Each structure stands twice: as C-alpha cells, then as structure tokens.
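By convention here, the first residue in the shown sequence is residue 1. On a predicted model such as this, the values are computed, not experimentally measured, just so you know.
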Amino acid sequence: QVQLVESGGGLVQPGGSLRLSCTASGFTLHNYAIGWFRQAPGKEREGVSSISSTDGSAYYKNSVLGRFVTSRDNAKNTVYLQMNNLKAEDAAVYYCAAGLGGNYGVSWARSELYHYWGQGTQVTVSS
C-alpha cells in the first residue's frame, strides 16, 4: 500500500522552529520529487518547497526562503522540512507529496505534478 505520512506539526511561538517529516511506505522516496504544500483556512493550497530526486535541487516559496530547508534521508525513506523563525502567516496544514518527475524546476509548485499525497499535519504559530 502506497502511503505518505507527515509528522512533526504542533503549536509553536513566533520565532520558533519545527521540523516536519514525510515518511513513505510502499515505495521508495528517493525516486520521487517531494513537494511540501500548505493550506490555511480560507486560502488556496500553495507550494512551500520541493526537492528533486535527481540532484537534490531544492526550491522554495519566496516568503520562506532563508527560513525553511528541505532535505532527504534516503536511508530512512524520509524527507524533512526544517522550519525556522516561524511567523503567524506560516500557520496552516502542511502536506507532503511525491511526484515522478524527478526535478520539476520552475514548475515545482504545481500540485497536479505530484501523484501521492499525505494526510497533512497542522502547524500553529501563536503566542
């Protein structure tokens, strides 16, 4: 059974950090580009970051550049999203998704390119 599971969400104060994990079962993540998306209440889902399966290239939404870092641990079949200096506007449900495209380049934030999706993990940023 193909499954993606996110974990690591929670409540954090502004300026704090969280590390989200995306773990796969039923398939090997290192063959897939992995995207991180988020959706806040009343807003459309948006791409946050993506990491390619080919050369490890990573892409970021402008507003998280310099604060978020995505990485892979192929031995654990897991991709991480390290989120630092969190802001109130980062609060959302975060999803990871896997796509067979390898490296989507400038199209990395197009959700239709990703084939498998996790169930999401809630990130709340509040004092």
Side-chain angles (χ1 to χ4, degrees):
Q1 180 182 2
V2 172
Q3 193 173 16
L4 283 173
V5 177
E6 303 95 337
S7 60
L11 172 64
V12 64
Q13 292 185 345
S17 297
L18 284 174
R19 188 178 76 162
L20 305 184
S21 300
C22 173
T23 301
S25 59
F27 68 106
T28 304
L29 271 185
H30 74 75
N31 293 326
Y32 291 75
I34 303 300
W36 287 98
F37 294 79
R38 67 187 182 189
Q39 187 166 21
K43 295 187 177 181
E44 293 188 354
R45 184 170 56 190
E46 62 180 4
V48 176
S49 178
S50 182
I51 186 166
S52 77
S53 65
T54 53
D55 58 2
S57 296
Y59 306 92
Y60 299 94
K61 176 179 172 63
N62 283 343
S63 64
V64 307
L65 193 61
R67 300 188 296 122
F68 290 12
V69 177
T70 186
S71 62
R72 292 178 176 270
D73 186 335
N74 290 334
K76 295 183 178 180
N77 211 26
T78 299
V79 172
Y80 301 101
L81 182 68
Q82 177 68 43
M83 305 187 296
N84 300 319
N85 190 21
L86 282 159
K87 304 177 180 181
E89 53 264 38
D90 295 318
V93 177
Y94 282 70
Y95 301 89
C96 66
L100 275 169
N103 187 336
Y104 291 132
V106 297
S107 298
W108 67 269
R110 291 176 54 190
S111 59
E112 65 268 27
L113 297 179
Y114 296 85
H115 305 85
Y116 304 120
W117 289 79
Q119 83 292 345
T121 185
Q122 178 72 52
V123 172
T124 303
V125 184
S126 176
S127 55

When you measure from the side chain of [X] to the backbone N and O of [Y], does any donor-acceptor pair fall under 3.5 Å?
X   : Y    : value
E6  : G120 : yes
S52 : N103 : no
Y94 : V123 : no

Are V93 and L86 joined in one hydrophobic group, where the rule is that I, L, V, M, F, W and Y side chains link up if heavy atoms are under 4.5 Å apart?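 No, V93 and L86 fall in different hydrophobic clusters.
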ILVMFWY cluster, Y32 and V48 together (side-chain gap under 4.5 Å):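 Linked within one cluster.
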Say you draw a straight line from CE of M83 to CZ of R19; how long is it, rounded to the nearest 0.5 Å?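 One gets 11.5 Å once the value is rounded to the nearest 0.5 Å.
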Can you sort out the partners of S7 under side chain to side chain donor-acceptor pair (under 3.5 Å), two or more places apart, ordered by chain and number?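 Scan of S7 (side chain to side chain donor-acceptor pair (under 3.5 Å), adjacent residues dropped) gives none.
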Shortest non-hydrogen separation from R45 to S111 and the atoms involved: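 Heavy atoms of R45 and S111 come nearest at NH2-OG, 3.6 Å.
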Pair Y114-S50, side-chain donor/acceptor within less than 3.5 Å: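 Result is yes, a qualifying pair exists.
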Count the heavy atoms belonging to other residues, nucleotides or ligands that lie under 6.0 Å from CZ of F27, then report whether that count exceeds 12.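 Yes, CZ of F27 has more than 12 neighbouring heavy atoms, counting only those of other groups under 6.0 Å.
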Determine, step by step, whether Q82 and S17 satisfy the side chain to side chain contact (heavy atoms under 4.5 Å, CB included) criterion, reporting the C-alpha distance in whole Å, the side-chain angles of both residues, the deciding distance to 0.1 Å, and the verdict. CA-CA 7 Å; Q82 177 68 43; S17 297; 3.9 Å; yes
Classify the angle between the aromatic ring planes of W117 and Y95 as parallel (below 30°), tilted (30 to 60°) or perpendicular (above 60°).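 It falls in the perpendicular class, over 60°.
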Pairs meeting criterion ring pair (Phe, Tyr, Trp, His ring centres under 6.0 Å) with involvement of residues 63-85, two or more places apart: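 As it turns out, there is no ring pair (Phe, Tyr, Trp, His ring centres under 6.0 Å) pair with a partner in residues 63-85 once direct neighbours are skipped.
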